[in-house]
Asks: 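One structure, as structure tokens, below. Some questions next.
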Amino acid sequence: MRLFVCVALSALLLGCSGQPKVVNPNKPGSAAQADYDECRGRAAVATAMPGAKDHEEALQKVLDECMKAKGYEVTK
């Protein structure tokens, strides 16, 4: 239950934060949004450790790496 709360709060925080620009000319915007949402969820789960230092920084790093793995260029 505690993990669920952490994941839910992390997802909420990510939803409120600004999105970096992601570019992949081979995918339409709707696919980019779907990929971003998937990566955002993975990042929230991967960084849902109580007491983690620099949580938002770690979350953004995992999110960026996920998007890059999907073929996107990530710019801030």
Asks: Given side chains that start at C-beta, do those of R42 and V62 come closer than 4.5 Å, heavy atoms only?
Replies: no
Asks: Quick one: CD on E65 to CD on Q60, what's the gap to the nearest 0.5 Å?
Replies: 10.5 Å
Asks: Which residues pass the salt bridge (Lys or Arg N to Asp or Glu O under 4.0 Å) test with K27, not counting sequence neighbours?
Replies: D35
Asks: Could you work out, with salt bridge (Lys or Arg N to Asp or Glu O under 4.0 Å) as the rule, every residue matching E57, not counting sequence neighbours?
Replies: none
Asks: Test side chain to side chain contact (heavy atoms under 4.5 Å, CB included) on E38 and K70 and set out the steps.
Replies: CA-CA 11 Å; E38 179 185 341; K70 292 181 176 287; 3.4 Å; yes
Asks: With rounding to the nearest 0.5 angstrom, report the CG to CG distance, D54 to L59.
Replies: 12.0 Å
Asks: Flag the pair D64 and K61 as a salt bridge only when some basic side-chain nitrogen lies within less than 4.0 angstrom of an acidic carboxylate oxygen.
Replies: no
Asks: For G71 versus N24, what's the shortest heavy-atom pair and its separation?
Replies: O-ND2, 3.1 Å
